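Keep in mind that what you see is a predicted model, and the values were worked out from it rather than measured. All ligand and atom numbering here is 1-based and tracks the order in the structure.
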Amino acid sequence: MQIEVKQGAVELAEDEAVVLNCFEEAKRFAGSLKAIDDKLSGALSHVYQAGDFKAKLGQIGVLYPQGRLNFKRIIMAGLGKKGDLTVEKIRLAYGFAGRKLRELKLKSVSVQTFEANHPAVKLQQSSQAMVEGILLSNYRLGQYKTGDENDKSTLERLTFWKEKRKGIGEVNRGVKNGEIFSWATNFSRDLANRPSNYLTPTDLADEANKLAQEGKFKCTVLPASEIKKLKMNSFLAVAAGSKEPAKLIVLEYTSPQRSINTLALVGKGITFDAGGLSLKSTENMLEMKGDMMGGAVVLSTVAGCAKLKLPLRVIGVIPATENLPSGSALKVGDVITSHSGKTIEVLNTDAEGRLILADALSYARSFSPHAIVDIATLTSSIKIALGTICAGIFGNNQALKARMIRAAELSGERVWEMPLWEEYQEFLKSDLADIKNVGGRPGGSILAAKFLETFAGDLPWIHVDIAGVDFKEKEDSYHSKGASGFGARLLLQFLKDWKRIQSG
Ligand code: BES
Ligand code: ZN
Ligand code: ZN
């Protein structure tokens, strides 16, 4: 996809279509809308007057200039009331517009940017949201069908038109960021949508290596023998049931700038979760090829940080394995000694995410990060608690949580804070070992987070449970069917806005 920003009036575009921003209060048009309306003898105003198109959020109108302008179609994108505008509403409106472009099988399209800051949305943010809406809605599930591929997006070229010179820098930055943020989401979707026989832990590690070679970051893949030397026995215990070798994927992006903060990201990389000996039902197993989405998000985010050239050092740790039952599998009641030295009594092998993350978190501590964020499709109980609209966040540091909540507002990937009160720890007490990996069903997502907290230790830490938001049953605006890629834009926003923590 080729994306560029041009200075000039959008009515001068020569293209297959032009997307125009339309608000509900359109008594009198100004700027490009007026110029186009005049050229078309009032056709735009007529669409409003007829009442067919009210510019409600997500509403799309299509008009044909019939040779009176140098583009073939006008796509009117309804943004709702001007006074109610938010970044997310622009993203949603452009998600619908993007779907229309796909439906019409257009290759080359021009888009009208905003001319200035809106009271609630900066020019850079509106430009970024437009790009995200279009690119995210044009994502198609990589299919394994052999026949015709009609469903593919045809979009090849997008041109963003800004009439006045003032603010063109902001538009340029917004468009560039939108491209990178959307890439990260779509890449995460791609990996999480891949069936487990097309994405083994080795395949995931290969993808990480490939990206690292293309981008400017390091990737080290540790095989089982190295993982063993590191004494990450909790991770290896989960891997014991599978013939596919486990991989510890370690990524490192370092900005050349000096005295920067180090952030560690940890992502659950279970490429298939059958539950182990605590076997899942067929129905519950259906989505479990996507149990590595946290890992995919960490990989995309580190690559995104490199593309954005953020002034940070970002470490990514992705423990990748399958969770299968077999003669060599981890058994219920087993006690394992984790990387941290703490012993864990395993009472349910389906609570495997926390076992691999326990080791990955304590391993991540060895990079002395200023903060750690882990992201995982961890518990079905977060879906019961919060549904499919937002992720649950847990953390031991108020300032860090506030930053994550702000990043969620801006990225449209919403989060809700869950508690981590001391009383919950009681449920994880083991008679035999330092801790047990399950503590009953009530408050299941909190108990899982409480378990992880033990291994994150005293470092500022946030856990994002994405098990409720990992998968979409149907497409809608910029959301595609299947894996959502939730978390990539959230983490990129969080890191982009990172303010230095003063050490000492
Ligand atoms: N991968 C699952 C969690 C999950 C469920 C993700 C649904 C996406 C959709 C996780 O490994 C798991 O099985 N968790 C158990 C924990 C329980 C045994 C304490 C769960 O949530 O049921
Ligand atoms: Zn599980
Ligand atoms: Zn799992």
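- When only non-hydrogen protein atoms are considered, atom 19 (C) of ligand 1 lies nearest to V438 CG1, 3.5 Å.
- Counting only residues at least two apart or on different chains, the ring pair (Phe, Tyr, Trp, His ring centres under 6.0 Å) pairs with a member in residues 394-420 are F394-H463.
- Using a 4.0 Å cut-off between heavy atoms, K268 contacts ligand 1 through its side chain alone, with no backbone atom that close.
- Residue R140 qualifies as enclosed at atom CZ: its count of foreign heavy atoms under 6.0 Å is above 12.
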>> What verdict does the ring-ring contact (aromatic ring centres under 6.0 Å, His included) test give for Y478 and F96, after you've listed the backbone C-alpha separation in whole Å, the side-chain angles of each residue and the deciding distance to 0.1 Å?
In response: CA-CA 7 Å; Y478 67 82; F96 287 109; 9.1 Å; no
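- Shown here is K218, whose NZ atom has no more than 12 heavy atoms of other residues, nucleotides or ligands within 6.0 Å.
- Shown here is K122, whose NZ atom has no more than 12 heavy atoms of other residues, nucleotides or ligands within 6.0 Å.
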> side-chain hydrogen bond (donor to acceptor under 3.5 Å, both in side chains) between Q213 and N209: does it pass, once the steps are laid out?
Replying inline: CA-CA 6 Å; Q213 274 160 24; N209 264 321; 5.1 Å; no
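- The atoms of ligand 1 that sit less than 4.0 Å from any heavy atom of E352 are 11 (O).
- By the side-chain contact (heavy atoms from CB on, under 4.5 Å) test, K307 pairs with I180, W183, sequence neighbours left out.
- Closest protein heavy atom to atom 15 (C) of ligand 1: D350 O, 4.1 Å.
- Contact analysis leaves R441 out of contact with ligand 1, as no non-hydrogen atom separation drops below 4.0 angstrom.
- Among all protein heavy atoms, the one lying closest to atom 18 (C) of ligand 1 is N348 ND2, 3.3 Å.
- The ring pair (Phe, Tyr, Trp, His ring centres under 6.0 Å) analysis of residues 331-365, with sequence neighbours excluded, yields the pairs Y363-F367.
- Using a 4.5 Å cut-off on side-chain heavy atoms (C-beta onward), L330 and L355 make contact.
- Between T379 and ligand 1, a contact under 3.5 Å exists for no N or O pair.
- Side-chain atoms of S278 and T349 form a donor-acceptor pair, as typed in the model, at a separation below 3.5 Å.
- Contacts between D273 and ligand 1 below 4.0 angstrom, taking non-hydrogen atoms only, involve the side chain exclusively.
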> Could you go step by step and tell me if N233 and S338 meet the side-chain hydrogen bond (donor to acceptor under 3.5 Å, both in side chains) rule?
Replying inline: CA-CA 5 Å; N233 300 318; S338 66; over 6 Å; no
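- Shown in contact with D470 at under 4.0 Å from a heavy atom are these atoms of ligand 1, numbered in order with element: 8 (C).
- Residue-level proximity to ligand 1 for R354 is carried by the side chain, the only part with a heavy atom below 4.0 angstrom.
- The heavy atom nearest to atom 8 (C) of ligand 1, considering only K280, M293, E287, M288, is found in M288.
- The only option from V373, I375, I372, V297 that meets the side-chain contact (heavy atoms from CB on, under 4.5 Å) definition with L265 turns out to be V373.
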>> Test salt bridge (charged side-chain N to carboxylate O under 4.0 Å, His left out) on E352 and K268; report intermediate values, then the result.
In response: CA-CA 10 Å; E352 86 296 343; K268 174 176 174 183; 3.1 Å; yes
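- At least one N, O or S atom of K268 sits under 2.8 Å from the Zn ion (ligand 3).
- Cation-pi check for R489 over F181 is not met; the charged atom does not lie both under 6.0 angstrom from the ring centroid and within 45 degrees of its normal.
- Of all the atoms in ligand 1, the ones that sit under 4.0 Å from a non-hydrogen atom of A467 are 6 (C), 8 (C), 9 (C).
- Counting heavy atoms closer than 4.0 Å to ligand 1, residue L378 contributes backbone atoms (N, CA, C, O) but none from C-beta onward.
- Those atoms of ligand 1 with a heavy atom of D291 less than 4.0 angstrom away are 1 (N).
- Closest protein heavy atom to atom 20 (C) of ligand 1: S380 OG, 3.2 Å.
- Taking a cut-off of 2.8 Å, the protein N, O or S atoms nearer than that to the Zn ion (ligand 2) are D273 OD2, D350 O, D350 OD1, E352 OE1.
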